[in-house]
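In what follows, a single structure is set out as structure tokens and then discussed.
In each ligand, atom 1 is the first atom listed, and ligand 1 is the first ligand listed.
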Amino acid sequence: MERDSNEHLARDGAAAIVTIGVVGAGTMGGGIAQVAARAGLDVVLIDQSESWLDRGLVAITADLERLVTKERITDERRDQILARIEGSTRIEHLAACDLVIEAVNESLPTKIEVFTSVSDIVAPEVILVSNTSSISITALAGSVANPERVAGMHFFNPVPVMKLVEVIRGLQSSDETVATVMALAERIDKTPVQVADAPGFVANRLLLPMINEAIFCLSEGVATAEDIDRVMRLGASHPMGPLALADLIGLDVCLGILEVLHGEFGDKYRPAPMLRQMVAAGRLGRKSGAGFHDHGGG
Ligand code: CAA
């Protein structure tokens with residue numbers, strides 16, 4: 001009975017959301033803005049840098065253009081989706097949002113800064129969500145008034161394609177917040193799975209040690225990068241091998257997540273020295289043009 005009424009509240013809460021704010025117009029923020037707009041929500045997309053904002057909007061437009069070319073959507077539908085996304089470099093433009101998702105750099109001080117600025121602008125009951133891949137939601141919630149309105153929504157790259165959203169319940173997240181966020185994930189055509197606020201949640205706690213071990217295999221000369229990936233594609237039916245996946249995620253992001261996991265769980269998550277070297281050399285994967293594989297950029 002209690003559960004039913006919570007579910008109703010949540011459905012009502014998610015249905016009442018008309019406009020969401022997304023802070024950070026990078027790969028994840030742009031992807032989130034795109035799927036939300038496709039689901040009929042109005043989106044205010046914020047980035048502090050004009051050039052990052054433009055890059056994000058160009059990427060969204062290119063994704064939608066691809067769908068037009070494949071005749072999955074019409075020109076008119078593309079224009080409708082784009083018209084629902086308002087880009088801005090001014091965080092004050094979030095004032096009328098019904099829920100805000102931050103998707104900025106994976107750094108606790110940066111995320112706390114965003115949360116405190118946003119909470120000064122939006123109404124006190126507005127749900128604040130983080131797309132963090134490894135930072136504690138409870139720690140983030142502690143930086144704002146009404147921490148019960150904070151939860152995590154961990155999206156996966158590429159956001160328009162991957163169905164999963166890990167919904168993270170912080171220590172103080174209310175039932176209503178979590179249920180509303182679960183319902184919102186469904187509304188934007190994702191499949192939410194609720195997880196506790198533990199380091200790396202579930203997906204990264206499992207994915208990152210595999211990627212790290214693949215890097216150890218490479219550095220120990222067990223096989224070439226191509227063959228390590230081939231083994232996991234053909235032997236475990238993964239859509240892409242672990243090193244290609246690391247290149248997709250970004251090697252700096254992989255290292256950051258492994259450092260959090262190493263700090264919490266100890267030696268089994270120790271980042272491979274080769275990963276540190278690649279990051280130090282600026283070989284970050286697809287975004288820098290080269291990682292474990294060549295992506296046409298050096
Ligand atoms: N944006 C939008 N659509 C994209 C896309 C992108 N960046 N990349 C691929 N797609 C679409 C393609 O248009 C294509 O669509 P249709 O089938 O409708 O035509 C579809 O995805 C398949 O793409 P491709 O045929 O080009 O290539 P593929 O079949 O090899 O799939 C892939 C590409 C979807 C990336 C697939 O290889 C895959 O699922 N890889 C694993 C990705 C993964 O594990 N992501 C999670 C990373 S971990 C994470 O994100 C969390 C974190 O915190 C680090």
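Residue nearest to atom 14 (C) of ligand 1, selected from K70, Q34, R66: K70 (by heavy-atom distance). Atom 40 (N) of ligand 1 has its nearest heavy-atom neighbour, among R233, M162, M240, E166, in M240. Checking L248, V161, T132, N204 against atom 11 (C) of ligand 1, the nearest heavy atom belongs to V161.
At a heavy-atom distance under 4.0 Å, no atom of V159 approaches ligand 1. With a heavy-atom cut-off of 4.0 Å, D63 touches ligand 1 through its side chain alone. Counting heavy atoms closer than 4.0 Å to ligand 1, residue V253 contributes nothing at all.
For atom 30 (O) of ligand 1, no protein heavy-atom neighbour is found at a distance under 4.0 Å. Shown here, atom 33 (C) of ligand 1 is out of close reach of the protein: none of its heavy atoms lies under 4.0 Å off. Proximity of atom 49 (C) of ligand 1 to the protein is indicated by at least one non-hydrogen atom lying closer than 4.0 angstrom. Note that atom 20 (C) of ligand 1 has no protein non-hydrogen atoms nearby, at separations under 4.0 angstrom. Within the 4.0 angstrom cut-off, atom 44 (O) of ligand 1 has one or more protein heavy-atom neighbours. Distance check for atom 3 (N) of ligand 1: a protein heavy atom is found below 4.0 Å.
Using modelled atom types, no side-chain atom of D197 and backbone atom of S136 make a donor-acceptor pair closer than 3.5 Å. Checking side-chain atoms of N212 against main-chain N and O of R270 turns up a donor-acceptor pair under 3.5 Å. Not a single donor-acceptor pair under 3.5 Å links the side chain of Q194 to the backbone N or O of R169. Judged by distance alone, with hydrogens and angles left aside, the side-chain atoms of T110 form no donor-acceptor pair with the main-chain N or O of N105 at under 3.5 Å. Judged by distance alone, the side chain of Y269 and the main-chain N or O of E264 form no donor-acceptor pair under 3.5 Å.
Of the protein's non-hydrogen atoms, P158 CG, 3.8 Å is the one closest to atom 8 (N) of ligand 1. Among all non-hydrogen protein atoms, the one lying nearest atom 36 (C) of ligand 1 is P239 CB, 4.0 Å. In this structure, atom 46 (C) of ligand 1 lies nearest to the protein heavy atom N157 O, 3.5 Å. Protein heavy atom at the shortest distance from atom 53 (O) of ligand 1 is H154 NE2, 2.7 Å. The nearest protein atom to atom 54 (C) of ligand 1, hydrogens excluded, is given as I249 CG2, 3.5 Å; this is a heavy-atom distance.
H295 and D247 are linked by a side-chain donor-acceptor pair at a separation below 3.5 angstrom, with hydrogens and angles left out of the test.
Each of the following atoms of ligand 1 lies closer than 4.0 Å to a heavy atom of L207: 48 (S). Every atom of ligand 1 with a heavy atom of S133 under 4.0 Å away is listed here by number and element: 53 (O).
Under a 4.0 Å N-O distance rule, the pair D63/R38 does not qualify as a salt bridge. The pair R55-D47 does not count as a salt bridge, with every side-chain nitrogen at least 4.0 angstrom from each carboxylate oxygen. A salt bridge links K111 to E106: one of the charged nitrogens lies within less than 4.0 Å of a carboxylate oxygen.
Within the 4.5 Å cutoff, side-chain heavy atoms of V181 are placed close to those of I127. A 4.5 Å side-chain heavy-atom check between V195 and H154 finds every atom pair outside the cut-off. For the pair I20/I101, a side-chain contact is recorded, criterion being any heavy-atom separation below 4.5 Å from C-beta on.
Residues meeting the side-chain contact (heavy atoms from CB on, under 4.5 Å) test with V253, sequence neighbours left out: I249, I257, K287.
Residue contacts with ligand 1 include R72, since one of its heavy atoms falls under 4.0 Å from the ligand. Taking 4.0 Å as the cut-off, H238 does not count as a neighbour of ligand 1 on heavy-atom distance.
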